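First the structure, in the form of structure tokens, and then the observations on it.
Numbers here are sequence positions counted from 1. For clarity, every value in this text was computed on a predicted model and none was experimentally measured. Indexing begins at 1, ligand by ligand and atom by atom, following the structure's order. Values below: every heavy atom of this structure, side chains too, minus hydrogens, waters and symmetry copies.
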Amino acid sequence: MRKKIAAANWKMNLTWQSAGDLMNAILKTDHNLKDNQLAIFAVPFPYLRAMHEKVLGKAHTFIAAQNCASTNNGAYTGEVSAEILKSVGIQYVILGHSERREYQAESNQLLTEKVNRCFEHGLIPIFCCGEPLSIRESNNQNNFVEIQLKESLFHLSKEQAAQIIIAYEPIWAIGTGKTATSAQAEEMHAHIRSVLTEKFGLDVANEIPVLYGGSVKGSNAAELFSKPNVDGGLVGGASLNADEFNLIIKSLP
Ligand code: PGA
């Protein structure tokens, strides 16, 4: 059964003190997550291990990294490898967030390497895709996202593909307060699933959660998540507020 996921992306926010307060406030809420529902928190690197220990024992709740290196361990000052992440208990890694594609010039080809390092070390990528405003305005978003998927994920085996999580994040909706309508999200998510079906077959494509990201809030999560191909959200700004994120978790179908 396909997983439904509320994923927090804290980005480069929160001090150690405020991160602890936020996590405590969220964890004290009983979310009553069903077997196929997950809450995932992508936190800054220095907090990974301690946050992982904090959520141990909280059902269906996990910590993710926001990035990993494209290479294996070695002389790469400042980088953090998939193997290092795995060794501190981490299971999920956000890859290809549009902010990294833009500010760190991450290409579809580089992301192929990062995806490979994750699978080599037993980590599950939360793979981000999504178009900028100019592409949406010229109505080329389907093709743009299809190329992102093809160039970074189409080398995977069916077994690997069945484990991945995809996050569709239209860049024009990230941090702007401009959420895609649930119809726009559903249209793209259905397209993503059809692209995955063509390559990996219907059984595999039906297993892959496709999350929506871009100004998800407590007030719009239930409507977005009500669409058949929207399997939850990757949430930035609203994940920094316990009440908002609790509401988003509770909106999972
Ligand atoms: P936002 O960010 O919820 O603040 O729009 C989403 C994301 O970048 O993952």
>> Do the side chains of K217 and E244 get close enough for a salt bridge, i.e. N-O under 4.0 angstrom?
In response: no
> So, E113 side chain and L110 main chain: donor-acceptor pair closer than 3.5 Å or not?
Replying inline: no
>> Which heavy atom of E151 sits nearest to which heavy atom of N108, and what is that distance?
In response: OE1-ND2, 3.1 Å
>> Can you name the atoms of ligand 1, numbered from 1 with element, that are less than 4.0 Å from a heavy atom of G175?
In response: 1 (P), 4 (O), 5 (O)
> Is a donor on one side and an acceptor on the other found under 3.5 Å between the side chain of Y212 and the backbone of L234?
Replying inline: no
>> Measuring from non-hydrogen atoms of K11 to any atom of ligand 1, is the shortest distance under 4.0 Å?
In response: yes
> Non-hydrogen atoms of S98 versus ligand 1: any pair closer than 4.0 Å?
Replying inline: no
> Where does A238 meet ligand 1, judged by heavy-atom distances below 4.0 Å: at the side chain, the backbone, both, or neither?
Replying inline: neither
> Using the benzene-type ring in the case of Trp, are the ring centres of F154 and F200 under 6.0 Å apart?
Replying inline: yes
> If you look only at pairs with a residue in residues 120-140, which of them pass as a salt bridge (Lys or Arg N to Asp or Glu O under 4.0 Å), with sequence neighbours excluded?
Replying inline: R117-E120, E131-R136
>> Which of the numbered atoms in ligand 1 are under 4.0 angstrom from any heavy atom belonging to A173?
In response: 5 (O)
> Under 3.5 Å between some N or O of ligand 1 and some N or O of G236?
Replying inline: yes
>> Can you name the atoms of ligand 1, numbered from 1 with element, that are less than 4.0 Å from a heavy atom of H97?
In response: 7 (C), 8 (O), 9 (O)
> Without hydrogens or angle criteria, can the side chains of N72 and H121 be said to hold a donor-acceptor pair below 3.5 Å?
Replying inline: yes
> Nearest to atom 4 (O) of ligand 1, what protein heavy atom do you find, and at what distance?
Replying inline: G237 N, 2.8 Å
>> Could you check whether any side-chain heavy atom of P46 comes within less than 4.5 Å of a side-chain heavy atom of W16, counting everything from C-beta outward?
In response: no
> To which of E99, Q66, E169 does the heavy atom nearest atom 7 (C) of ligand 1 belong?
Replying inline: E169
> Taking only heavy atoms of G214, which atoms of ligand 1 are found under 4.0 Å from at least one of them?
Replying inline: 5 (O)
>> Counting only heavy atoms closer than 4.0 Å, does ligand 1 sit against the backbone of I174, its side chain, both, or neither?
In response: both
>> Only heavy atoms of N9, strictly under 4.0 Å: list the atoms of ligand 1 that pass.
In response: 9 (O)
